[in-house]
Amino acid sequence: MRRHKTWFAVLIGLAAVVIALGRCGNNMPEAANANEEIALPAPETTGTMSVEEAISKRRSVRSFQDRELSLAEVSQLAWAAQGITAPTRGLRAAPSAGALYPLELYLVKSDGAYHYVPAGHKLVKVASEDLRGSLCAAALGQSSVREAAMDVVIAAVFERTTGKYGERAAMYVHTEAGHVAENIHLQAVALGLGSVPIGAFNPQQISNLLALPTDQVPIYLIPVGYPR
Ligand SMILES: Cc1cc2nc3c(=O)[nH]c(=O)nc-3n(C[C@H](O)[C@H](O)[C@H](O)COP(=O)(O)O)c2cc1C
């Protein structure tokens, strides 16, 4: 009887995985071309939409067209999130407690997954295939993650902030992720794109998918694309 129960539990578990993959599409990570670098075009620092207009137009968008982002759009979104805006002092677009910058950005697109490197404004490839389906499964099957042209994963290295701020560090790091996320949302609006903040996901699954270093914890997910 107990053996039957065990097999039943295994079958239920397998069915859950199959259902999630069915909703999200199946793609498993393969080794990327190690350290392949992509230089991003210089970001624009002026635009045609005011910040007031971007704030008033921002709305969570969960359904996207099947349309890629240009490299200029990817560049602009990465810059708005973590780009260096004061080169001599290395300060970035979003504020950071003690300028310790505990956040790392990963961009998951149809052609692979990339780590954003603020110094030099470039991407480093970490996976060669489309991981959006697997990322969708890690986000409880939310279709916005599969449909988006690009999913931004914000990962935190809490240790960068705990050294100076101790117990307050966790609060600071999450607050900073909010700053970065809002910059992405407003930049998306200014580019004619849509986005949605996603907090419901399994961080360990995302860590495994992107093969993140053990000190990096995914804390926020932001699908971005052309609204449907
Ligand atoms: C921390 C946080 C987590 C969220 N997680 C999700 C999520 O997992 N899935 C989702 O569809 N929306 C998520 N949202 C978006 C909210 O549902 C949305 O912001 C809210 O309904 C207000 O709508 P608006 O963004 O259009 O103003 C999240 C928002 C925040 C701030």
Side-chain angles (χ1 to χ4, degrees), residues 29 31-47 51 68-109 111-128 131 135 149-165 169-170 172-188 190-191 193 195 203 206-207 209-224:
N33 302 341
N35 300 328
E36 185 187 333
E37 288 191 2
I38 294 157
L40 291 171
E44 300 290 342
T45 53
T46 58
V51 75
E68 303 284 347
L69 302 186
S70 68
L71 197 60
E73 288 166 334
V74 171
S75 162
Q76 200 63 36
L77 289 159
W79 171 81
Q82 281 288 271
I84 293 177
T85 49
T88 48
R89 292 189 291 158
L91 303 177
R92 301 187 188 177
S96 173
L100 292 169
Y101 302 110
L103 303 176
E104 298 290 333
L105 224 65
Y106 292 85
L107 310 179
V108 180
K109 298 163 68 242
D111 60 352
Y114 303 86
H115 180 213
Y116 175 61
V117 181
H121 191 50
K122 63 189 177 188
L123 301 178
V124 175
K125 201 166 201 174
V126 296
S128 299
L131 298 179
L135 201 57
M150 181 169 87
D151 292 305
V152 181
V153 176
I154 301 178
V157 183
F158 288 95
E159 290 79 3
R160 285 185 199 155
T161 303
T162 44
K164 183 168 184 183
Y165 295 109
Y172 288 173
V173 171
H174 287 104
T175 306
E176 289 179 33
H179 293 311
V180 169
E182 190 67 3
N183 276 10
I184 293 172
H185 296 312
L186 295 180
Q187 180 67 79
L191 292 170
L193 303 169
S195 60
I206 295 182
S207 291
L209 194 63
L210 296 174
L212 295 184
T214 50
D215 62 350
Q216 295 189 18
V217 182
I219 58 170
Y220 223 172
L221 186 54
I222 305 170
V224 187

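Heavy atoms only: backbone and side chains are in, while hydrogens, waters and symmetry mates are out.
Between A42 and S75 the shortest heavy-atom distance is C-OG, 4.3 Å. Between L210 and A113 the shortest heavy-atom distance is CD2-CB, 3.8 Å. Nearest heavy atom pair, residue E176 against residue A97, reads OE2-N, 2.7 Å. Between A99 and L91, the shortest heavy-atom distance links the atoms CB-CD2, 4.0 Å. In terms of heavy-atom proximity, L107 sits nearest to M150 at CB-SD, 3.9 Å.
Residues K109 and V74 are in side-chain contact: their nearest non-hydrogen atoms beyond the backbone lie under 4.5 Å apart. With contacts defined as side-chain heavy-atom distances shorter than 4.5 Å, the pair E182/L186 qualifies. Looking at heavy atoms from C-beta onward, D151 lies out of side-chain contact with V224 at the 4.5 angstrom threshold. Residues L123 and L40 form a side-chain contact, since some pair of their non-hydrogen atoms from C-beta on lies under 4.5 Å apart. Proximity of V153 to L135: side-chain heavy atoms (C-beta onward) are separated by under 4.5 Å at one or more points. At a threshold of 4.5 Å between non-hydrogen side-chain atoms, the residues V180 and V152 do not count as touching. Counting heavy atoms from C-beta on, the side chains of S207 and V217 never come closer than 4.5 Å. For the pair L209/V108, no side-chain contact is recorded, criterion being any heavy-atom separation below 4.5 Å from C-beta on.
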Working for side chain to side chain contact (heavy atoms under 4.5 Å, CB included), residues W79 and N183: CA-CA 9 Å; W79 171 81; N183 276 10; over 6 Å; no
Verdict with reasoning, I38 to K122, per side chain to side chain contact (heavy atoms under 4.5 Å, CB included): CA-CA 6 Å; I38 294 157; K122 63 189 177 188; over 6 Å; no
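Every residue two or more places apart in sequence or in another chain that forms a ring pair (Phe, Tyr, Trp, His ring centres under 6.0 Å) with Y116 is listed here: H121. Partners of H174 under the ring pair (Phe, Tyr, Trp, His ring centres under 6.0 Å) rule, at least two apart in sequence or in another chain, are F158. Shown here are the side-chain hydrogen bond (donor to acceptor under 3.5 Å, both in side chains) partners of T162, two or more places apart in sequence or in another chain: there are none. With sequence neighbours excluded, no residue satisfies side-chain hydrogen bond (donor to acceptor under 3.5 Å, both in side chains) with T161. Partners of E44 according to the side-chain hydrogen bond (donor to acceptor under 3.5 Å, both in side chains) rule, which considers only residues two or more places apart in sequence or in another chain, do not exist here. Scored by the side-chain contact (heavy atoms from CB on, under 4.5 Å) test, E68 finds S110 as partners (sequence neighbours excluded). In this view, Y172 and Y165 satisfy the ring pair (Phe, Tyr, Trp, His ring centres under 6.0 Å) rule, not counting sequence neighbours. Evaluation of the side-chain contact (heavy atoms from CB on, under 4.5 Å) rule for A181 yields H185, Y220, I222 as partners, not counting sequence neighbours. Remark: H115 engages E104 in a side-chain hydrogen bond (donor to acceptor under 3.5 Å, both in side chains) (not counting sequence neighbours). K164 is linked by a side-chain contact (heavy atoms from CB on, under 4.5 Å) to L100, counting only residues two or more places apart in sequence or in another chain.
Expressed to the nearest 0.5 Å, how far CG of L69 lies from CG of L191 amounts to 8.5 Å.
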Can you give me every donor-acceptor pair (side chain of residues 80-89, partner residue at least two apart or in another chain, under 3.5 Å) with its distance?
residue: Q82; atom: OE1; partner: R92; partner atom: NH1; Å: 2.8
residue: T85; atom: OG1; partner: R92; partner atom: O; Å: 3.4

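Applying the side-chain hydrogen bond (donor to acceptor under 3.5 Å, both in side chains) rule to pairs touching residues 210-219 yields Y106-Q216, sequence neighbours excluded.
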